[in-house]
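In the text below, chain A, chain B and the rest are named by the order of the sequence lines, each starting its count at 1. For clarity, every value in this text was computed on a predicted model and none was experimentally measured. Quick note: numbers below take in every heavy atom, side chains included, and nothing from hydrogens, waters or symmetry partners.
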There are 2 protein chains.
Amino acid sequence: MTFEPLSRESVSDQVFGRLRDAVVAGRYAAGDPLPSERELAAAFGVNRHAIREALRRLQQLGLVRVSQGGATRVQDWRATAGLDLAMTLAAAEDVLPVATLNRDVLEMRACIGADAARLCAERAEPSARDLIARAVEEYAAAVPDLARMAEADLALWRRIVEGSGNIAYLLAFNSLTAGALAVGHMPPQRRTAELLDVAAHRRLSELIGAGDAAGAEGAARALLSAAVAAETESPRP
Amino acid sequence: MTFEPLSRESVSDQVFGRLRDAVVAGRYAAGDPLPSERELAAAFGVNRHAIREALRRLQQLGLVRVSQGGATRVQDWRATAGLDLAMTLAAAEDVLPVATLNRDVLEMRACIGADAARLCAERAEPSARDLIARAVEEYAAAVPDLARMAEADLALWRRIVEGSGNIAYLLAFNSLTAGALAVGHMPPQRRTAELLDVAAHRRLSELIGAGDAAGAEGAARALLSAAVAAETESPRP
DNA sequence: CCAAAGCGACTGGTCCAACCAGTTGACGGG
DNA sequence: CCCGTCAACTGGTTGGACCAGTCGCTTTGG
């Protein structure tokens, strides 16, 4: 018998979540001042320090701008927030349309995955190519178990992105896979076809191993863009 | 006579910066415990709350994992940090090789920019296409002034990414352009050729306006990948 | 009368001191 | 030898005080 971990979210985490959702959902217009820290503390019934911790995190996400003496103002997150915002967003339909965000994430995954495969074929160290070959075998060995295959598939792609030697791609990969909305937690049926195509994964690994940049890019794109098309056609399974 | 603003960086900002650099530079191994908040407060000579604010931000970046009762442990940022990390990194050679990061950012820019142009040509609203056409004109009107051209170019690309309707691309664009190392602050000579090619920008806008997805993607890629090649050949100007 | 200096009444920034709430490990009884 | 207990950590939260900027109103000087 297993229990879900109770809501042990710290106070400042809860405040952070509430304010983040309020801002992303547009309940404050860009440029509007947030209530003062003291007011927020009273409103949430918590200490001011908890509010401050939440506000610093919102500031780092690019959702608000705090300035000493002046008010803390809401920013236009579409202009100032970074990709990590997607990582922290809960899958709440009332904050952002989930279906669109899923499609967007899959599109970005295809775009970056294909280019990472290309770069990986171009300039990965032999040891990195070995790791990829091995990851493919682990993935193939998991074959009947969809959950394990998904996990191994993610590990394989991480190896490929690492092999590309592009830190920006690696960080973006982390952002995309870490969120609740991310590729890893996506309804698996969307990616079943992709996940089951062991032959295509093997081919991709071989092309990378052989240094065929164009071939690897094409193989990766073919593998990754099927899910985009599926999500676009019928966003809600 | 103008003065640069003095170091008004708040205490917790400074603590955040120091710890972030220490972690990214690898002065703590992944899994290592950070000193306790009380120790850090004593070491930096500041209050514990300042340390806490910094640690919460580090946690959000994915650099550390804090857990009540246990120690705050350093994480492997290459596995857990999101793209926003690149946004906050100062251009300090001793933290990460700047040349490589520049190349990486330019590569990602080319990859996402090309796909955004494709999607924009495919599914942007007519009003969005108008905005792009207008942005191109503003860019062309700035012609002799390189600084203004760079600014207008950035605004144009923002319109294109917005027109793609992909939120992930938009947030990634923000991450890439917001950092100190970002495209906007890059040594301009790297992108002079790209910036001066008014005709190519016009063609790109027309292809998007005409809904030619493949053409727009090709034009964007051609425009954006020149800087990548330049950066790769001679990283230090 | 109007502008500019000045003065409060805000805002966020920092600190102190205490206590609550988990985790960890060592110590002692079974 | 194993296992419960407990003390000494860890981070989490609170209250209150004060510093440091900003903003707007009021008073003052032209």
Visitor: If we only count heavy atoms from C-beta on, is the A:Met108 to A:Ser175 side-chain gap below 4.5 Å?
Guide: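 No - every pair of side-chain heavy atoms lies 4.5 Å or more apart.
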Visitor: Hey, is CD on B:Gln59 packed in by over 12 heavy atoms from elsewhere, all under 6.0 Å?
Guide: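 Correct, the count exceeds 12.
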Visitor: Using the test salt bridge (charged side-chain N to carboxylate O under 4.0 Å, His left out), find all partners of A:Arg57 that sit at least two apart in sequence or belong to another chain.
Guide: A:Asp13
Visitor: For B:Ala142, is there any backbone N or O sitting under 3.5 Å from a side-chain donor or acceptor partner on B:Asp145?
Guide: no
Visitor: Of all of residues 58-69 of chain A, which get a heavy atom below 4.0 angstrom from DNA chain C, listed by number?
Guide: A:Val66, A:Ser67, A:Gln68, A:Gly69
Visitor: Working to the nearest 0.5 angstrom, can you tell me the gap between B:Glu107 CD and A:Ile167 CD1?
Guide: 11.5 Å
Visitor: For the residue pair B:His201 and B:Tyr139, does the interplanar ring angle fall in the parallel (under 30°), tilted (30 to 60°) or perpendicular (over 60°) class?
Guide: tilted
Visitor: What are the 5'-most and 3'-most nucleotides of DNA chain D lying under 4.0 Å from any heavy atom of chain B?
Guide: D:dT10 to D:dG21
Visitor: I'd like to check B:Leu85 versus B:Leu63 (side-chain heavy atoms, cut-off strictly below 4.5 Å). Are they in contact?
Guide: yes
Visitor: Using a cutoff of under 3.5 Å, can you pull out all pairs of nitrogen or oxygen atoms linking the protein to nucleotides 5-8 of chain C, with atom names and distances?
Guide:
none

Visitor: Near DNA chain C, under 4.0 Å by heavy atom, which residues of residues 42-56 of chain B?
Guide: B:Val46, B:Asn47, B:Arg48, B:His49
Visitor: Which sits closer to the 5' end of DNA chain D, A:Ser10 or B:Glu39, going by the nucleotide each is nearest to?
Guide: B:Glu39
Visitor: Please round to the nearest 0.5 Å and tell me the distance separating atom CG of A:Asp153 and atom CD of A:Glu151.
Guide: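 CD of A:Glu151 is found 11.0 Å from CG of A:Asp153.
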Visitor: How long is the straight-line distance from CD of A:Gln60 back to CD of B:Glu53, given to the nearest 0.5 Å?
Guide: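 Going from the CD atom of B:Glu53 to the CD atom of A:Gln60 covers 12.0 Å.
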Visitor: Give a yes-or-no answer on whether the side chains of B:Arg78 and A:Asn174 include a donor-acceptor pair shorter than 3.5 Å.
Guide: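 There is no such pair (donor and acceptor under 3.5 Å, judged by atom type) between the side chains of B:Arg78 and A:Asn174.
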Visitor: How long is the span from the CD atom in B:Glu39 to the CG atom in B:Leu34, to the nearest 0.5 Å?
Guide: 10.0 Å
Visitor: Could you measure the distance from the CD1 atom of B:Ile112 to the CG atom of B:Leu119? Nearest 0.5 Å is fine.
Guide: 11.0 Å
Visitor: Taking atom CZ as the centre, does B:Arg65 end up with more than 12 heavy-atom neighbours from other residues, nucleotides or ligands that are less than 6.0 angstrom away?
Guide: no
Visitor: Is the side chain of A:Asn47 donor-acceptor paired with the backbone N or O of A:Ala41 at a distance under 3.5 Å, no angle test?
Guide: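 Here the side-chain-to-backbone pair does not exist.
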Visitor: Mind running a 4.0 Å heavy-atom check of residues 29-38 of chain B against DNA chain C and sending the residues that fall below it, in number order?
Guide: B:Arg38
Visitor: Find the distance A:Arg73:CZ to C:dT11:C1' and express it as a whole number of Å.
Guide: 11 Å
Visitor: Distance check, rounded to the nearest 0.5 Å: B:Glu162 atom CD versus B:Cys120 atom SG?
Guide: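 B:Glu162 CD to B:Cys120 SG: 9.5 Å, rounded to 0.5 Å.
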